[in-house]
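To start, the structure itself, in structure tokens.
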Amino acid sequence: MRQLQKIRQYQRLYQHFGAKPAPTTIAEVAEVALCSERHARTLLRQLAQSGWLSWHAQPGRGHRATLHCMATTSELSAPLMHACLEKGDYQSALQLADGDPASLHHIITPFLGGKWLKHQPTLRIPWYRPLASLHPALQRRRAEQHIICAVHAGLTRYTPGQPHPQPDLAHHWEASDDKRCWQFYLRSGAHWHNGQAVSDEDILSALQLALADPTRNAGLTHVREVSLVAPWCLAIRLSTPDAMLAHRLAHHVCRLPHPQHSDIGAGPFAIAHHHSHYLRLERQPWYFAAHPLLHAIEFWRTRAEAQNPAWITVGKGQNAQEAVTSTSGGFAWLMVNAGLPASLADWLHLEIQHCNHQHFAHRDDVETCTEILPGLPTPECANAPEVQLPATLSLVCYHTPELYELATILRARLKKRGCDLIVNGKDREAWHARDALAHTDLLLGDYLAGEIPGFALAEWFTDEPAWATALGEAKWQEEKQKLMEYGESEESLKNHLLPFFRSLLESGACTPLFHYRYRINTMENVQDIVLTAGGWLDFTRAWLPPTQERTTSAS
């Protein structure tokens, strides 16, 4: 866009010379505007004709001219920003805002939510941080996990409201009586997002890559062999019985990107554009299942941080409908290092629970009455005697606003008692780094619920490295093995799950603190908002009603 380029060059001149008349040369102007001297003369003439600046050259070689920038960059860029946003060109609008999403926040609202663009329904969602890699191996954050499930298919998948995993790249499956050998019957006719047909060899290769990746195979270490025993028939042999294998394969880390191109998937939406401040997903024309009703979903970064990450806004307006809400089955939790003296651990449990109830009980974005499974509430903490606190304690917490707020409150309370609490916030990637949690005294984290609550909780126990700190590595491995043995049948897992986690809670190894209250604020024209267990809307179900009737004439 020539107008955009002209404004960008004027912005460079304005930033360099300022708003007052300044002596300069054509060579200096060319250097600042990143162009040749010949083009600099043309540019100065065009900008002067537009009334943006004045340029007075002095006769004679070596004499300096006078450049006066008369228009502010915001005066020039605002109309063009609106024009760019109207056309959906967020990238150009961001360039005009000098790459600062916060500069667009005050003008971007009317362009968000459900929009019909070139007769295609598009949903635009404002977002508060960059959306990083969308490879299943690299993401433990709620938004990226949800997007991964929209982009990549797996052998099985979870669907909101369904109590069992649903077919995906496998249309049927069956297990031997001893649950050690499974056969998955693969769907022929599926396509990758680049139009290439998905072969059974592709699916085998993609699954082998997942099994070989330590960041993805935590729940699949008992897989002994995978092979194609017939065309479009994948066999998985296990070292121990597992009735829940189809459930495990529905996890987001088991989604299967193209084995050679990890940004290409076979799910309902394809990645059309992905930059640090902008993500566009488009409906996959070759998708093998029911096609989504939305043509595109865009994430526009509009600010540096979010007050309530559990609240998602997909649009605002005078006719905004009532927010869609749910209370997460997941929860924020406290764990204490197994090496701390029991009396100190008991006192810290009680102190942190007091902090939690005092400061979060009346908030509308969290619920402090925790029940991690139906019939399994958080045990009441017994009174603990006063203890002598050490000079320092260390705490690692997920870098989320609520947990960091709780850590800050606790640090102030312990400071009054002569104890320095050293707080270290980690994102989810750093949290799972090797030995990242081994030597800390206290841990504050959260568990993101899955669509099938009991099984998702069991998966979390297998994958969460904080348990090694709270129980000790040997005890954690022993309990994981026990949990795996319970999976010999769905009935066995169901019967053992409540006693298993009740024992852990009563021992103080983990103390649930609060549930997040998810909320999606939507405009009136976004229909069928269905929340997933992670608090996101199901992209495959949402739709937009037409904005106006199309008229036709009879012949």
Side-chain angles (χ1 to χ4, degrees), residues 140 142 308-310 326-338 340 345-384 395-407 409-410 428 431 437 440-471 475-476 479-480 483 496-518 533-535:
R140 301 179 185 275
R142 190 168 62 106
N308 296 299
S326 70
T327 299
S328 170
F331 52 88
W333 47 260
L334 161 73
M335 294 190 197
V336 177
N337 194 306
L340 286 184
D346 291 344
W347 187 89
L348 288 168
H349 272 112
L350 192 62
E351 183 71 8
I352 293 170
Q353 280 202 315
H354 282 163
C355 290
N356 181 56
H357 285 291
Q358 286 178 9
H359 293 275
F360 292 132
H362 303 295
R363 293 261 292 259
D364 56 2
D365 57 340
V366 297
E367 170 59 64
T368 55
C369 296
T370 52
E371 186 177 64
I372 69 171
L373 285 174
L376 187 55
T378 302
E380 290 291 331
C381 270
N383 287 330
L395 182 149
V396 174
C397 71
Y398 276 161
H399 210 297
T400 60
E402 295 84 2
L403 291 177
Y404 197 75
E405 182 180 349
L406 183 59
I409 292 165
L410 179 64
R428 294 185 189 276
W431 184 277
L437 312 177
T440 191
D441 298 313
L442 300 167
L443 299 111
L444 291 175
D446 62 19
Y447 152 63
L448 302 179
E451 293 294 340
I452 302 176
F455 179 73
L457 197 63
E459 277 193 315
W460 168 64
F461 182 82
T462 300
D463 188 51
E464 176 52 67
W467 286 109
T469 305
L471 296 174
K475 178 68 172 175
W476 183 40
E479 295 298 308
K480 281 201 292 185
L483 200 55
H496 285 96
L497 208 56
L498 250 64
F500 180 85
F501 279 100
R502 181 177 290 113
S503 173
L504 289 171
L505 298 190
E506 289 176 350
S507 73
C510 176
T511 303
L513 298 172
F514 55 80
H515 297 287
Y516 291 102
R517 288 193 180 118
Y518 293 142

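Residue numbers run from 1 in the order of the sequence given.
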request  = Could you walk me through whether Met335 and Trp467 pass the side-chain contact (heavy atoms from CB on, under 4.5 Å) test, one step at a time?
outcome  = CA-CA 8 Å; Met335 294 190 197; Trp467 286 109; 3.6 Å; yes
ask   = How far apart are the C-alpha atoms of Cys510 and Phe501, what are their side-chain angles, what is the distance that settles it, and do they pass the side-chain contact (heavy atoms from CB on, under 4.5 Å) test?
value = CA-CA 9 Å; Cys510 176; Phe501 279 100; over 6 Å; no
inquiry  = Could you walk me through whether Leu442 and Val396 satisfy the side-chain contact (heavy atoms from CB on, under 4.5 Å) test, starting with their C-alpha distance in whole Å, then the side-chain angles of each, then the deciding distance to 0.1 Å, before giving a yes or no?
reply    = CA-CA 6 Å; Leu442 300 167; Val396 174; over 6 Å; no
Step-by-step side-chain contact (heavy atoms from CB on, under 4.5 Å) determination, Cys397 to Leu443 = CA-CA 6 Å; Cys397 71; Leu443 299 111; over 6 Å; no
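For Asp441, the side chain to side chain donor-acceptor pair (under 3.5 Å) test picks out Ser394, with sequence neighbours left out. Judged as a ring pair (Phe, Tyr, Trp, His ring centres under 6.0 Å), and not counting sequence neighbours, the contacts of Tyr447 are Phe331, Trp460. Taking the ring pair (Phe, Tyr, Trp, His ring centres under 6.0 Å) definition, one finds that Phe455 meets it with His247, sequence neighbours left out. Annotation: side-chain contact (heavy atoms from CB on, under 4.5 Å) contacts of Ala468 (sequence neighbours excluded): Glu473, Trp476. Scored by the side-chain contact (heavy atoms from CB on, under 4.5 Å) test, Asp346 finds Ala384 as partners (sequence neighbours excluded). Qualifying side-chain contact (heavy atoms from CB on, under 4.5 Å) partners for His359, counting only residues two or more places apart in sequence or in other chains: Ile409.
Closest non-hydrogen pair, Leu498 versus Leu376, comes out as O-CD2, 4.2 Å. Between Arg363 and Arg517, the shortest heavy-atom contact is O-NH1, 2.9 Å. What you find for Gly330 and His515 is that their closest heavy atoms are O-ND1, 2.7 Å. The minimum heavy-atom distance linking Gln353 with Thr511 is given by the pair NE2-CG2, 3.2 Å. Here the closest heavy-atom approach between residue Asn337 and residue Thr440 is recorded as ND2-O, 2.8 Å. When all heavy atoms are compared, the tightest approach of Leu483 to Ala458 is CD2-O, 3.6 Å.
Considering CG of Leu513 and NE2 of His357, their distance stands at 8.0 Å, rounded to 0.5 Å. Taken to the nearest 0.5 Å, the NE2 atom of His399 stands 13.0 Å off from the CG atom of Leu444. For the atom pair Leu348 CG and Leu395 CG, the distance stands at 9.5 Å (nearest 0.5 Å). To the nearest 0.5 angstrom, Leu410 atom CG is 6.5 Å from Glu351 atom CD. The line from CG of Leu505 to CG of Leu373 is 9.0 Å long, rounded to the nearest 0.5 Å. Atoms CG and CZ, from Asp446 and Arg142 in turn, are 9.5 Å apart once rounded to the nearest 0.5 Å.
Enclosure of atom CZ in Phe461 by more than 12 non-hydrogen atoms of other residues, nucleotides or ligands within 6.0 angstrom is indicated.
Classified by interplanar angle (parallel below 30°, tilted 30° to 60°, perpendicular above 60°), the ring pair Tyr398/Trp431 is tilted.
The closest donor-acceptor contact from the side chain of Ser507 to the backbone of Leu504 lies under 3.5 Å. When atom types are taken as modelled, the side chain of Thr368 and the backbone of Ala361 share no donor-acceptor pair closer than 3.5 angstrom. For His349 (side chain) and Leu334 (main-chain N/O), no donor-acceptor pair under 3.5 Å exists by modelled atom type.
Phe360 places a side-chain heavy atom less than 4.5 Å from the side chain of Glu405. Considering only heavy atoms from C-beta on, Ile352 stays 4.5 Å or farther from Trp347 through its side chain.
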